[in-house]
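Remarks on the structure that follows.
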Amino acid sequence: MENIMPTVFVTGANRGLGFEHVKQYAEKKWEIIACSRNPEESTELLLLKDQYPETIAIEKLDVTNYEEITALSKKYADKSIDILINNAGTLGPKGVPEAMGYQNIGHMDYEIWRDILEVNLLAPFKVATAFHDQVAMSDKKLLVMMSSDLGSVEQNNFGGLYSYRASKAGLNILSKGMSIDWKDITVIALAPGWCKTFLGGDEADVEPDESVTEQQMMFESIEPSDSGKFLDRFGNEVPW
């Protein structure tokens with residue numbers, strides 16, 4: 001009898017932590033639905049698919065386009081998704097440290113703030129609700145909402161980054177609420193660490209591959225009783 005591998009669904013799969021998740025799950029021979037806003041421009045992702053043509057499916061998905069989300073959910077209506085990583089996120093047009101310049105108490109770009117809320121807060125809610133049934137029909141039943149330590153109210157000790165912080169604190173409340181409304185899946189908010197990605201910048205202290213390796217190990221140890229928690233990549237609780 002053929003061994004059916006688990007399936008992971010990743011938004012924002014063309015770069016950063018999303019791409020690293022696709023790469024590491026591909027090495028584990030998982031089935032992967034890798035979502036990218038512009039697949040034809042996602043060079044590294046396309047090369048990875050060439051390497052693993054049997055396991056990686058690349059799907060066009062702009063997470064702010066709800067019609068695309070709904071259509072993709074219909075396409076995969078009968079597909080069980082073991083782990084959905086709601087990863088697509090933005091800090092605005094710049095990464096750290098430049099992004100700090102347009103979302104501080106002395107200077108706020110409200111258009112950028114609206115975009116950040118659209119991508120980091122509304123879109124993950126839409127993706128989660130659109131794909132809940134596919135997660136619920138799987139074995140692992142895990143929904144991962146990619147948050148940040150910057151979304152912790154308690155850990156905010158240097159101010160600034162208002163737009164991004166607000167979006168991630170909001171995402172945390174969505175995760176908690178979903179864990180109450182959905183008893184048939186496990187929902188966690190995840191702080192992956194400050195990673196050297198486009199968003200995190202060069203000063204960050206964690207390599208993306210290292211963070212993702214630790215995240216994936218942690219996913220394997222998640223229990224239904226963890227639903228509603230805010231966890232770091234090692235599985236330790238992060239203060240709200």
[X] vs [Y] side-chain heavy atoms within contact, under 4.5 Å:
| X | Y | answer |
| --- | --- | --- |
| K229 | K176 | no |
| L143 | I85 | no |
| N65 | I69 | no |
| D149 | K168 | no |
| I81 | V8 | no |
| Y102 | H107 | yes |
| L190 | S147 | no |
| M100 | L161 | yes |

Over all atoms of both residues, closest heavy-atom pair of [X] and [Y]:
| X | Y | result |
| --- | --- | --- |
| L45 | S36 | CD2-CB, 4.2 Å |
| R165 | G159 | NH2-O, 3.1 Å |
| S152 | P239 | OG-O, 2.7 Å |
| P6 | D82 | CA-OD2, 3.3 Å |
| E223 | T186 | O-CG2, 3.7 Å |
| D184 | A136 | OD2-CB, 3.6 Å |

Single-linkage hydrophobic cluster, 4.5 Å side-chain cutoff, [X] and [Y] together:
| X | Y | result |
| --- | --- | --- |
| L174 | I116 | no |
| L46 | I33 | no |
| V144 | V63 | no |
| I180 | W240 | no |
| F230 | I173 | no |

Original post:
What do you reckon, is CE of M217 surrounded by more than 12 foreign heavy atoms closer than 6.0 Å?
Top reply: no
Subject >> CD/E203: more than 12 non-hydrogen atoms of other groups inside 6.0 Å >> reply: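 No, the 6.0 Å shell around CD holds no more than 12 heavy atoms from other groups.
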Original post:
Transitive ILVMFWY cluster of M137 at side-chain heavy atoms under 4.5 Å: who else is in it?
Top reply: none
Tell me yes or no: between the side chains of [X] and [Y], is some donor less than 3.5 Å from an acceptor?
| X | Y | value |
| --- | --- | --- |
| E220 | Q216 | no |
| N87 | T11 | no |
| E27 | Y52 | no |
| Q134 | S138 | no |

Subject >> Stepwise side chain to side chain contact (heavy atoms under 4.5 Å, CB included) check, Q103 with L91 >> reply: CA-CA 10 Å; Q103 49 178 302; L91 197 60; 4.0 Å; yes
Subject >> Residues that R233 engages under side chain to side chain donor-acceptor pair (under 3.5 Å), provided they are two or more places apart >> reply: E214
Just distance, no hydrogens or angles: give the donor-acceptor pairs under 3.5 Å from side chains in residues 117-131, sequence neighbours left out.
| residue | atom | partner | partner atom | Å |
| --- | --- | --- | --- | --- |
| E118 | OE2 | Y66 | OH | 3.0 |
| N120 | OD1 | T90 | N | 2.8 |
| N120 | ND2 | T90 | O | 2.8 |
| N120 | ND2 | S167 | OG | 3.1 |
| K126 | NZ | T70 | OG1 | 3.2 |
| T129 | OG1 | F125 | O | 2.9 |
| T129 | OG1 | K126 | O | 3.1 |

**OP:** Give the intermediate values and the outcome of side chain to side chain contact (heavy atoms under 4.5 Å, CB included) for residues E31 and E54.
**Re:** CA-CA 8 Å; E31 279 193 53; E54 301 299 313; over 6 Å; no
Original post:
Are E44 and K23 ion-paired here, with the side-chain N under 4.0 Å from a carboxylate O?
Top reply: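 Answer for the salt bridge query: no.
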Original post:
Checking side-chain contact (heavy atoms from CB on, under 4.5 Å) against L142, which of D226, I185, I188 comes through?
Top reply: I188
Subject >> Derivation of the side chain to side chain contact (heavy atoms under 4.5 Å, CB included) call for F219 and I83 >> reply: CA-CA 9 Å; F219 295 163; I83 302 178; 4.1 Å; yes
